[in-house]
Amino acid sequence: MNTKVIFDTDPGIDDAMAILFAQASSKIELLGITTVFGNATIENATRNALYLKQRFNMSATVCTGANTPLNIAAGEPTTFVHGQNGLGDIELPDTLPIAADARSAHDFIIETVRKYPHEITLIAVGRLTNLALALQKAPDIAALVKEVVVMGGAFGHNGHTGNVSPYAEANIIGDPHAADIVFTQPWPVTVVGLDVTQQSIMSNDYIKALQDQSATYGEFIYQISRFYSDFHKESAGLDGFYVHDSSAVAYLLAPELFKVKQGPIRVICEGPAIGMTLCKTAEKVFPVDDWHNKPKQQVCTDVDSKGLLDLYFKILTQSPKPL
Ligand code: BDR
Ligand code: CA
């Protein structure tokens with residue numbers, strides 16, 4: 001059975017790779033791509049989503065989303081990670097023959113969730129602003145969404161605690177208030193954080209093999225990922241790069257690759273630990289307890305990295321699914 005997906009994203013090199021993973025999978029029906037500021041300006045993120053749609057013949061609706069966080073000032077786009085244009089500075093056309101849908105990202109989410117009650121999975125791999133705006137405008141959608149899979153946060157498993165600050169991951173520190181709203185709603189959230197995404201590395205040999213063997217996607221992925229690979233080499237000494245956003249898609253396709261734990265999740269929204277994500281696993285109710293009475297969510301604590309890399313490779317190298 002196909003899962004209907006709305007993919008909320010800030011493309012973004014690894015975002016683009018994850019969008020193609022979802023697009024290539026015969027188990028996913030990609031209904032929409034909603035964009036958000038973060039890795040790129042909102043204009044560039046939306047242009048990049050439209051570029052992917054056009055280049056890879058995708059039927060997904062592209063909608064423009066938020067360009068600023070809910071309550072804090074917007075940071076600069078992370079062009080040092082993803083390039084000035086968000087896609088590793090590959091050459092992109094000045095204009096595209098297609099445009100974004102007139103609806104805002106959050107209105108598209110609300111309409112589509114109501115149209116397909118209990119059928120939509122939201123995969124969110126950027127700041128969670130669009131999801132929070134949708135919840136604020138239409139709280140009823142929480143009960144109508146099938147599942148939410150978020151790439152973001154870090155809970156200290158496998159030694160991973162943050163990548164922007166010692167205790168915060170980029171997507172969460174970029175809009176901590178939005179993340180706290182999303183994590184505390186009565187809908188089922190699985191968080192795929194640095195705990196697992198930094199356990200999987202796509203080496204440069206892996207990407208070269210993909211370039212050779214994925215007729216549809218390989219060359220594009222090779223080209224956009226050169227910038228990302230250079231960034232990881234300089235910042236972390238890696239040969240290759242972490243598998244952030246595609247790990248969220250992998251969770252949807254093959255949850256058995258992951259170990260999880262359950263508990264309510266809160267986000268620190270101020271001070272030196274702003275953006276820190278904390279999952280309470282103890283059943284005890286404390287005298288001061290802002291986790292108590294919040295719904296239990298799921299946090300990924302471990303991953304079968306080889307299984308994940310094999311899955312990505314298999315799906316990107318199989319024949320393209322028919323439109
Ligand atoms: C997250 O930040 C962005 O750079 C990536 O696209 C990913 O979503 C990892 O911290
Ligand atoms: Ca992202």
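One-based numbering, in listed order, for ligands and for the atoms of each. Computation of the quantities below employed the complete heavy-atom set of this structure, encompassing side-chain atoms and omitting hydrogens, waters and symmetry-equivalent molecules.
Side-chain contact annotation: Asp8 with Thr34, donor-acceptor N/O pair under 3.5 Å present.
Not a single N/O/S atom of Asp14, whether from backbone or side chain, sits less than 3.0 Å from the Ca ion (ligand 2). Among the atoms of Val125, an N, O or S atom falls under 3.0 Å from the Ca ion (ligand 2).
Considering only non-hydrogen atoms, atom 4 (O) of ligand 1 lies nearest to His82 out of His82, Arg127, His244.
Ligand 1 places these atoms under 4.0 Å from at least one heavy atom of Asp15: 6 (O). When each atom of ligand 1 is checked for a heavy atom of Met151 under 4.0 Å away, the hits are 1 (C), 7 (C), 8 (O), 9 (C).
Residue contacts with ligand 1: Thr78 is placed with no nitrogen or oxygen under 3.5 Å of a nitrogen or oxygen of the ligand (distance criterion only). Here's the thing with Tyr228: none of its N/O atoms is less than 3.5 angstrom from an N/O atom of ligand 1. Polar contact check, Val125 against ligand 1: a nitrogen or oxygen pair lies under 3.5 Å apart.
Of the possible donor and acceptor atoms, one in the side chain of Asp101 sits under 3.5 Å from a partner among the backbone N and O of Arg103. Without hydrogens or angle criteria, Thr184 side chain to Asp180 main chain gives a donor-acceptor distance under 3.5 Å.
The aromatic rings of His232 and Tyr242 sit perpendicular, their planes meeting at an angle over 60°, well past the 30° parallel limit.
Using a 4.0 Å cut-off between a side-chain N of Lys or Arg and a carboxylate O of Asp or Glu, Arg114 and Asp140 qualify as a salt bridge. Checked for salt-bridge contact, Glu29 and Lys4 meet the test: a charged N lies under 4.0 Å from a carboxylate O.
Side-chain rings of Tyr228 and His82 approach one another, their centers coming within less than 6.0 Å.
The protein atom (non-hydrogen) at minimum distance from atom 6 (O) of ligand 1 is Asp14 OD1, 2.6 Å. Protein heavy atom closest to atom 7 (C) of ligand 1, with residue, atom name and distance, is Asp245 OD1, 3.2 Å. Protein heavy atom in closest approach to atom 9 (C) of ligand 1: Glu169 OE2, 3.1 Å. For atom 3 (C) of ligand 1, the closest non-hydrogen atom of the protein is Asn39 OD1, 3.3 Å.
The hydrophobic clustering, which links ILVMFWY residues whose side-chain heavy atoms are closer than 4.5 Å, places Val5 and Val189 apart.
When side chains are defined from C-beta on, Asn163 counts as touching Gln198, because their heavy atoms get closer than 4.5 Å.
Remark: Arg226 is positioned above the aromatic ring of Tyr222, its terminal NZ or CZ atom under 6.0 angstrom from the ring centre and at most 45 degrees off the axis.
The part of Asn163 lying near ligand 1 is the side chain, judged by heavy-atom distances below 4.0 Å. Of the heavy atoms in Asn171, only side-chain atoms (C-beta onward) come closer than 4.0 Å to ligand 1.
When OD1 of Asp10 and OD2 of Asp245 are joined through the Ca ion (ligand 2), the resulting angle is 140° to the nearest 10°.
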